Amino acid sequence: MTIQKNAPHQPLARASFGDDFLWGCSTSAFQIEGAGSTDGRVASIWDTFCATPGKIRDGANGQVACDHYHRWPEDFDIGQSLGLNAYRFSVAWPRIFSGAGQPPNEAGLDFYSRLVDGMLERGLQPWATLYHWDLPQALQDQGGWANRATVDAFVDYADVVTRRLGDRVRHWITHNEPWCTAMHGNLDGMHAPGLRDAATALQVCHHVLLSHGLAVPVIRANVPQAQVGIALSLHPIRAASDSEADRQAVARHDGFRNRWFLDPLYGRGYPQETLALLGAAAPAVLEGDMDAIAAPTDFVGLNYYFPEVVRDVPGSGAPAGFLRTEVALPQDRERTDFGWEVAPDGLTELLLRIAREYQPGPVYVTENGSSYDDAVQADGSVDDEARRHYLVRHLAAVRAAQEQGVEVKGYFAWSLLDNFEWSEGYLRRFGIVHVDFETQQRTVKSSGRWYREFLHGRNEG
């Protein structure tokens with residue numbers, strides 16, 4: 001695809017994105033479903049992590065979350081009222097299988113079948129993610145993603161789910177953010193299973209990517225006209241200073257943060273300069289693995305939140321010390337209440353880069369959102385002006401990439417609902433719909449009301 005420079009700007013209106021553009025919201029199973037022990041669901045690594053003192057900031061867990069398992073009709077009604085035409089969700093592996101070699105749980109499959117029917121009844125195109133971090137604990141007990149047998153277990157799981165839902169679900173995402181699965185789960189220990197070992201993290205990463213590649217042809221075999229991709233968390237990498245050392249740090253950090261995923265998925269193998277830094281921590285790669293990882297896909301999903309500003313740190317003792325880099329937090333930047341930099345231009349930058357360097361075909365923004373400390377007003381409303389402004393500017397960034405020739409075909413706001421925000425528990429709110437976790441009352445925030453008006457063509461950004 002040719003990237004055009006200095007394309008003319010058009011007004012930010014729904015119609016300008018294209019008639020076939022998808023407008024959605026994203027969610028994930030563990031963050032919203034609750035019903036932690038209902039209908040045969042078994043424990044996931046996140047249940048175990050939540051039960052470990054000190055791992056979740058507010059000591060919470062996902063046993064109830066947003067109770068979406070029971071309240072999904074209301075949530076889908078809200079999505080329909082907003083004007084969404086797509087909805088991204090994840091299937092909870094622990095609802096389908098208790099472990100390797102076990103028969104599938106029909107009650108779990110039935111739940112997702114009802115869920116898909118509910119989406120279709122409301123005009124919401126279902127986008128299913130097979131893995132959003134909730135590995136069955138029984139598999140972790142056998143080594144988790146560091147054990148190559150988990151790759152086979154994932155392919156079996158993908159086979160069962162796509163056979164059951166593939167008559168109605170055409171769009172499939174194998175994995176959400178392999179970086180987080182591998183690095184937050186096994187390198188810095190921020191996420192389940194909470195390990196801190198570079199060699200384990202890199203082996204996990206390789207196996208996750210391999211499971212993606214091996215699942216792609218299975219999904220295609222089961223789903224007529226399947227559209228298959230993966231959702232990656234990518235970041236523009238920027239230097240903390242103009243020094244040569246920091247510029248070199250950017251290249252090293254980018255090789256690990258972005259190219260470690262993009263390069264093998266598009267047939268280039270792992271970046272050689274990054275492999276050279278890993279030493280004994282480099283993953284074991286068997287013959288045929290890299291060809292499998294590079295299985296052709298139909299789209300790529302981009303999850304974008306913020307850029308990373310890095311500086312050179314010789315002899316860094318951080319978990320990823322082999323990079324000799326450190327993420328800086330400049331104080332002169334606009335930030336969300338979570339502390340994440342607000343930089344809409346980074347979204348345009350990434351979309352242009354992916355199209356230019358990898359030619360992936362259609363690109364979907366599969367997550368983009370912001371966390372602010374929302375307050376419920378006396379009249380029950382939630383005025384989240386900062387999130388509304390964030391949404392407007394990032395939609396403009398998507399449109400800017402389109403104007404320069406990038407085939408961006410959809411935008412999924414993160415998230416429809418306030419939810420369980422992983423190690424932060426319920427302390428962070430990303431939803432355009434407020435959830436009172438005591439009463440489970442839903443309230444559309446002002447950002448959600450703006451999104452509704454925009455999608456109905458009644459306002460412009």
Side-chain angles (χ1 to χ4, degrees), residues 24 26-44 68-73 75-76 79 86-139 149-176 208 211-231 295 297-299 301 366 412:
S26 286
T27 61
S28 87
F30 191 82
Q31 292 181 270
I32 67 169
E33 283 181 1
S37 302
T38 301
D39 292 338
R41 182 190 179 276
V42 299
S44 76
H68 179 74
Y69 193 85
H70 301 107
R71 299 172 184 266
W72 61 263
D75 295 336
F76 290 169
Y87 178 78
R88 180 180 169 225
F89 68 107
S90 76
V91 177
W93 194 344
R95 291 201 190 279
I96 311 303
F97 281 105
S98 58
Q102 302 299 312
N105 174 27
E106 287 299 321
L109 289 167
D110 286 345
F111 167 69
Y112 289 108
S113 185
R114 294 194 301 273
L115 215 62
V116 167
D117 285 346
M119 295 175 211
L120 292 172
E121 288 167 3
R122 294 163 176 83
L124 304 174
Q125 185 182 93
W127 279 60
T129 301
L130 286 167
Y131 188 74
H132 201 128
W133 311 349
D134 48 356
L135 185 73
Q137 181 61 42
L139 291 178
T150 301
V151 174
D152 297 328
F154 176 80
V155 175
D156 290 343
Y157 157 66
D159 182 40
V160 166
V161 173
T162 55
R163 283 181 186 272
R164 182 58 173 272
L165 304 180
D167 60 330
R168 289 154 291 161
V169 180
R170 181 182 175 192
H171 295 87
W172 294 90
I173 293 171
T174 54
H175 284 272
N176 182 74
V208 168
S211 75
H212 154 80
L214 292 175
V216 168
V218 172
I219 298 169
R220 292 200 197 287
N222 292 342
V223 181
Q225 298 181 311
Q227 296 288 297
V228 189
I230 190 169
T297 50
D298 301 289
F299 64 88
T366 39
F412 293 80

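All residue numbers refer to positions in the sequence shown, counting from 1. Values below: every heavy atom of this structure, side chains too, minus hydrogens, waters and symmetry copies. Just so it is clear, the model here is predicted, and its values are computed rather than measured.
At a threshold of 4.5 Å between non-hydrogen side-chain atoms, the residues I32 and W72 do not count as touching. For the pair W172 and V216, the minimum side-chain heavy-atom distance is 4.5 Å or more. Counting heavy atoms from C-beta on, the side chains of H132 and F30 never come closer than 4.5 Å. The shortest distance between side-chain heavy atoms of F89 and V116 falls below 4.5 Å.
Residue pairs satisfying the salt bridge (charged side-chain N to carboxylate O under 4.0 Å, His left out) criterion with at least one member in residues 121-131, sequence neighbours excluded, are listed as follows: D77-R122. Note on residues 94-110: pairs passing salt bridge (charged side-chain N to carboxylate O under 4.0 Å, His left out), not counting sequence neighbours, are E33-R95, E106-R164, D110-R164.
The two residues R88 and S26 have their closest heavy-atom pair at CD-OG, 3.3 Å. The two residues T174 and L130 come nearest to each other via the heavy atoms O-CB, 3.5 Å. Here the closest heavy-atom approach between residue G118 and residue F76 is recorded as C-CD1, 3.9 Å. Nearest heavy atom pair, residue A138 against residue G99, reads CB-CA, 4.2 Å. The shortest heavy-atom contact between V208 and S211 is O-OG, 2.7 Å. Here the closest heavy-atom approach between residue G166 and residue P224 is recorded as O-CD, 3.8 Å.
With sequence neighbours left out, the side-chain contact (heavy atoms from CB on, under 4.5 Å) criterion links P94 to R41, V42, S44, A92, D134, P136. Scored by the side chain to side chain donor-acceptor pair (under 3.5 Å) test, Y87 finds T27 as partners (sequence neighbours excluded). Applying the side-chain contact (heavy atoms from CB on, under 4.5 Å) test to V160 and every residue at least two apart in sequence or in another chain returns I96, F97, P104, L109. In this structure D75 satisfies the salt bridge (charged side-chain N to carboxylate O under 4.0 Å, His left out) test together with R442, sequence neighbours excluded. Partners of S28 by side chain to side chain donor-acceptor pair (under 3.5 Å), not counting sequence neighbours, listed by chain and number: Q31. In this structure, the ring-ring contact (aromatic ring centres under 6.0 Å, His included) partners of Y69, at least two apart in sequence or on a different chain, are F111. For A107, the side-chain contact (heavy atoms from CB on, under 4.5 Å) partners are D39, N105, not counting sequence neighbours. Annotation: side chain to side chain donor-acceptor pair (under 3.5 Å) contacts of S113 (sequence neighbours excluded): R168. Taking the salt bridge (charged side-chain N to carboxylate O under 4.0 Å, His left out) definition, one finds that R163 meets it with D159, sequence neighbours left out. Residues that satisfy the side chain to side chain donor-acceptor pair (under 3.5 Å) test with Q125, not counting sequence neighbours, are W127, H171.
A parallel orientation is assigned to the rings of Y157 and W93, their planes being inclined by less than 30° (bins at 30° and 60°).
In this structure, the separation between CG on L139 and CD on Q137 is 9.0 Å, given to the nearest 0.5 Å. Here T162 contributes atom OG1 and D167 contributes atom CG; the two are 11.0 Å apart, rounded to the nearest 0.5 Å. Atom NE2 of H175 sits about 8.0 Å away from atom NE2 of H212, to the nearest 0.5 Å.
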